[in-house]
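Numbering of residues begins at 1 and proceeds along the displayed sequence.
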Amino acid sequence: MSANPSYLNELKQTGDFLTLSRDNEWHLDAGEFVLDNGTRVNIHDTGVIEFQPAVITSKDVVYSSAVHGNETAPIEICDALIKQIIKGELILKQRVLFIYGNPQSINIGLRFVEENLNRLFNGHHTVEGVPMNNERNRAAKLEQYVSDFYTRGEQGSSRCHYDLHTAIRGSKNEKFAVYPFLHGKPWKKSQLQFLLSCGVNTVLMMKSPATTFSYYSSFIHGADSFTVELGQVKPFGQNDMARFEKTKQTLTALISQNEVKYPEFNANDFELFAVHRTINRTQNDFSFPFSDDAENFTGFAKGELLATDGDTAIYADVEGEAIIFPNASVALGQRALLTVIPMDIDSNFV
């Protein structure tokens with residue numbers, strides 16, 4: 001670690017870690033300093049900054065954004081929080097690690113540079129016969145930073161990771177979250193209450209392992225972890241930040257309070273969906289029958305065409321099967337579409 005990187009003095013004054021990360025797209029020398037309130041600040045790399053309050057904490061919190069660089073609203077939320085912490089305007093009660101996943105993709109205004117970073121976690125960054133690139137190296141490093149962060153937490157601390165996104169398409173349910181596959185462990189009502197406080201009342205329950213950042217933290221580190229979709233992709237400066245105020249307030253409360261109390265759980269507050277199936281693109285000739293502005297959660301009647309993959313036509317096989325994350329341009333072999341069906345609260349929720 002460089003004892004005193006040249007960027008530290010300016011960072012202390014401005015709190016502008018986002019610009020610093022964007023100016024150093026793939027690497028930044030590590031550095032550290034202590035705020036007047038005793039919070040220790042550790043810069044691990046470009047886009048990776050950790051805050052350790054002077055008091056013993058009970059939670060180890062990860063907030064990540066810019067895993068896709070054109071999803072700007074979460075980046076702006078995290079930028080504001082980081083500045084408040086460094087300037088002493090927000091006093092922490094919990095450890096928190098902020099991650100801007102892909103600074104170069106922020107700069108070019110695209111989801112990724114060479115490869116979708118959110119398909120490279122849980123070990124998928126290193127595949128025999130597949131050449132490494134910047135995004136694969138970045139995924140490996142981000143896994144290590146998260147692992148180190150959780151390992152250094154207090155024994156018994158609760159772990160959570162909220163990977164903040166916005167979706168390519170609009171949605172009938174503007175904000176929604178993806179609950180990673182838990183391998184038989186129960187879903188937590190307390191986490192649904194946290195999401196509801198963020199303004200998110202729609203949750204998808206995954207039924208298989210994934211390559212996403214949130215699944216990595218859940219599966220490897222036992223964290224309460226979610227991919228949180230906060231609306232539709234917009235360029236910097238075009239986000240109506242008032243639409244994210246509940247989210248920002250809840251994220252702030254989690255790291256600045258000893259314990260946050262949420263209203264009593266009420267199943268009627270939520271729309272829950274189970275993933276019905278995943279449709280991958282296997283042929284160059286892949287298309288959807290619906291328009292590019294068809295919204296997430298649009299439902300289809302049984303027997304209606306959902307996609308065409310080469311010579312194979314794929315039809316809805318249950319009434320009301322709804323589409324999520326349709327993207328016909330994904331690489332061959334990757335997920336082009338999720339479909340979901342409604343589900344109810346059952347005994348697997350605790």
Under 3.5 Å, side chain of S105 to main-chain N/O of F112, donor-acceptor pair present?
no
Note, F297 side chain near R169 side chain (heavy atom, < 4.5 Å)
no
Taking ring pair (Phe, Tyr, Trp, His ring centres under 6.0 Å) as the definition, give me every residue that meets it alongside F213, ordered by chain and number, with sequence neighbours left out.
F121, H161
Salt bridge (Lys or Arg N to Asp or Glu O under 4.0 Å) between D148 and R152: does it pass, once the steps are laid out?
CA-CA 6 Å; D148 291 345; R152 288 183 280 102; 5.9 Å; no
Evaluation steps, side chain to side chain contact (heavy atoms under 4.5 Å, CB included), between V62 and F149:
CA-CA 9 Å; V62 178; F149 175 72; 3.8 Å; yes
How long is the span from the CG atom in N118 to the CG atom in D163, to the nearest 0.5 Å?
5.5 Å
In Å, rounded to the nearest 0.5 Å, how long is the span from CG of N258 to NZ of K93?
4.5 Å
OG1 (T278) and CG (L337) are apart, to the nearest 0.5 Å, by 8.5 Å
Criterion side-chain hydrogen bond (donor to acceptor under 3.5 Å, both in side chains) on E271 and N201, from CA distance to verdict:
CA-CA 6 Å; E271 285 192 70; N201 77 329; 4.8 Å; no
Spell out, yes or no, whether V96 and F17 are grouped together once hydrophobic residues are joined by side-chain heavy atoms under 4.5 Å, including indirect joins.
yes
Which residue pairs satisfy the salt bridge (charged side-chain N to carboxylate O under 4.0 Å, His left out) criterion with at least one member in residues 173-185, sequence neighbours excluded?
E174-R243
Could you walk me through whether I82 and L18 satisfy the side chain to side chain contact (heavy atoms under 4.5 Å, CB included) test, starting with their C-alpha distance in whole Å, then the side-chain angles of each, then the deciding distance to 0.1 Å, before giving a yes or no?
CA-CA 9 Å; I82 290 169; L18 176 58; over 6 Å; no
Grouping I, L, V, M, F, W and Y whenever their side-chain heavy atoms are under 4.5 Å apart, do L196 and F176 come out in a common cluster?
no
Side-chain donor or acceptor of D45 paired with backbone N/O of V48 under 3.5 Å
no
Tell me, with the steps shown, if F300 and F290 meet ring-ring contact (aromatic ring centres under 6.0 Å, His included).
CA-CA 11 Å; F300 287 76; F290 43 83; 5.7 Å; yes
Donor-acceptor pair, T252 side chain versus K248 backbone, under 3.5 Å?
yes
Of F98, F51, Y100, the residue whose pairing with Y63 passes ring pair (Phe, Tyr, Trp, His ring centres under 6.0 Å)
F98
Search all heavy atoms of H276 against all heavy atoms of D317 and return the closest pair with its distance.
NE2-OD1, 2.7 Å
Donor on one side chain, acceptor on other, Y262 and Q191, under 3.5 Å
no
Trace of the side chain to side chain contact (heavy atoms under 4.5 Å, CB included) decision for S214 with Y216
CA-CA 5 Å; S214 62; Y216 165 78; over 6 Å; no
Ignoring hydrogens and geometry, is there a side-chain-to-backbone donor-acceptor pair from R281 to V330 under 3.5 Å?
yes
Is the side chain of T298 donor-acceptor paired with the backbone N or O of I323 at a distance under 3.5 Å, no angle test?
no
Contact summary for D60 and T57, nearest pair of heavy atoms:
OD1-OG1, 4.4 Å
Do D309 and Q283 meet the criterion of a side-chain donor-acceptor pair at a distance under 3.5 Å?
no
Flag side-chain contact, heavy atom, 4.5 Å: F219 against F181:
no
How long is the gap from CD1 on I314 to CG on L306, to the nearest 0.5 Å?
7.5 Å
Enter the distance from N327:CG to I168:CD1 here, rounded to the nearest 0.5 Å.
4.5 Å
Using a 3.5 Å distance criterion without hydrogens, assess whether the side chain of Y7 forms a donor-acceptor pair with backbone atoms of D29.
yes
Looking only at the side chains, is there a donor atom on one of T250 and S197 sitting less than 3.5 Å from an acceptor on the other?
yes
Using a 3.5 Å distance criterion without hydrogens, assess whether the side chain of T46 forms a donor-acceptor pair with backbone atoms of N24.
yes
Using side-chain heavy atoms (C-beta onward) and a distance below 4.5 Å, is L20 in contact with L11?
yes
Please determine whether residues V228 and F325 belong to a single hydrophobic cluster, defined as Ile, Leu, Val, Met, Phe, Trp and Tyr linked transitively by side-chain heavy-atom distances below 4.5 Å.
no
Test N102 against V113 for side chain to side chain contact (heavy atoms under 4.5 Å, CB included), laying out the working first.
CA-CA 9 Å; N102 197 336; V113 182; 4.0 Å; yes
Heavy-atom check, side chain of L195 versus side chain of Y179, under 4.5 Å
no
Quiz question: by atom type and distance under 3.5 Å, do the side chains of N134 and Q104 form a donor-acceptor pair?
no
Side chains of H165 and E71: is there a donor and an acceptor less than 3.5 Å apart?
yes
Can R138 and E114 be said to form a salt bridge (Lys or Arg N to Asp or Glu O under 4.0 Å), step by step?
CA-CA 12 Å; R138 181 68 169 170; E114 294 181 69; over 6 Å; no
Out of the candidates V340, L272, T227, only one should pair with L204 under the side chain to side chain contact (heavy atoms under 4.5 Å, CB included) rule; please name it.
V340
Side-chain touch K302/E321, heavy atoms, less than 4.5 angstrom
no
Distance, nearest 0.5 Å, that separates CD1 of I77 from CD of E245
9.0 Å
Any side-chain donor paired with an acceptor under 3.5 Å for S171 and N173?
no
ILVMFWY cluster, M343 and M206 together (side-chain gap under 4.5 Å):
no
Can you confirm whether R159 sits close enough to D224 that some side-chain heavy atom of one is under 4.5 Å from a side-chain heavy atom of the other?
no
Report yes or no: do I85 and V34 belong to one cluster of Ile/Leu/Val/Met/Phe/Trp/Tyr joined by side chain heavy-atom distances under 4.5 Å?
no
Give a yes or no on whether the backbone of A301 and the side-chain of E304 come within a donor-acceptor separation of less than 3.5 Å.
yes
Could you tell me whether a side-chain N or O of E135 sits under 3.5 Å from a main-chain N or O of N116, the two making a donor and an acceptor?
no
Have N42 and Q52 got a donor and an acceptor in their side chains that come within less than 3.5 Å?
no
Close side-chain approach of Q334 and N280, heavy atoms under 4.5 Å
no
Check whether any side-chain heavy atom of R95 sits under 4.5 Å from a side-chain heavy atom of E50, and report yes or no.
yes
